[in-house]
Amino acid sequence: MTETTKKGNGLGITGFIMGILAAIFCWVPILNWIFAILAVVFGLIGCFGPKKLKGLAIIGVILAVAAICVYKFYYVPKYTNAIKEVITGIDEQKINDAIEALGDAVEEAAEAAPAE
């Protein structure tokens, strides 16, 4: 008996799955980059594999690039504006009061500690 083997495009399928994950997690900074880079690498390698599933590899690369663009042009400005609002909303007097209260608490704790 002869054994037949199916030639698939595992790297292309992996690139496609990573592209989907990059698109789903495009709002999470580190996961987006990890999945997108893996999708591009596996997708490009899968493009040179069997022609049977070459389309999935190409779609994976396209999804990864789209996920990077969505993150870059939508979420980065959104995060930047939120950080700017937090920084400009900091009240300097409250910070000074908190530092002074912390110093007072440290002094009280040092006085309350038993002397050796």
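Numbers for residues simply follow the sequence, beginning at 1.
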Legend entry - Straight-line distance of T14 OG1 to I45 CD1, nearest 0.5 Å: 10.0 Å

Inset, instruction - Calculate, to the nearest 0.5 Å, the distance between atoms CG and CD belonging to L102 and E107 respectively. - result: 10.5 Å

Inset, instruction - Treat each ILVMFWY residue as a node, draw an edge where side-chain heavy atoms are under 4.5 Å apart, and state whether L31 and Y75 are in one component. - result: yes

Legend entry - Atom of A64, atom of A39 and distance for their closest heavy-atom approach: CB-CB, 3.6 Å

Inset, instruction - Might you confirm whether atom CD1 of I95 has over 12 heavy atoms from other residues, nucleotides or ligands at distances under 6.0 Å? - result: yes

Legend entry - Taking every non-hydrogen atom, the tightest pair across F16 and L56: CB-O, 3.4 Å

Inset, instruction - Over all heavy atoms of both residues, which pair between C47 and A57 is shortest? Give the atoms and the distance, please. - result: N-CB, 3.9 Å

Legend entry - Donor-acceptor contact below 3.5 Å, side chain N81 vs main chain P77: yes

Legend entry - Nearest-0.5 Å distance that lies between atom CE in M18 and atom CD1 in I34: 10.5 Å

Legend entry - Linked, directly or transitively: I17 and I62 (ILVMFWY side chains, under 4.5 Å): no

Legend entry - V70 to C26 - nearest heavy-atom pair and separation: CG1-SG, 3.7 Å

Inset, instruction - Return yes if a side-chain donor-acceptor contact under 3.5 Å exists between N96 and E100, otherwise no. - result: no

Inset, instruction - Identify the residue among L44, I37, L38 that makes a side-chain contact (heavy atoms from CB on, under 4.5 Å) with V40. - result: L44

Legend entry - same_hphob_cluster(F73, I68) at 4.5 Å side-chain heavy-atom cutoff: no

Inset, instruction - Considering non-hydrogen atoms only, spot the tightest contact between A36 and A22 and give its length. - result: N-CB, 3.7 Å

Inset, instruction - Using the rule that two of Ile, Leu, Val, Met, Phe, Trp, Tyr join whenever any of their side-chain heavy atoms come within less than 4.5 Å, decide whether V65 and L21 are in one cluster. - result: no

Inset, instruction - Determine, step by step, whether F42 and L11 satisfy the side chain to side chain contact (heavy atoms under 4.5 Å, CB included) criterion, reporting the C-alpha distance in whole Å, the side-chain angles of both residues, the deciding distance to 0.1 Å, and the verdict. - result: CA-CA 5 Å; F42 288 131; L11 293 174; 3.6 Å; yes

Inset, instruction - Determine, using the 4.5 Å side-chain heavy-atom cutoff (strictly less than), whether I20 and I58 are members of one ILVMFWY cluster. - result: no

Inset, instruction - Using a 4.5 Å cut-off on heavy atoms from C-beta on, say whether the side chain of W27 contacts that of Y74. - result: no

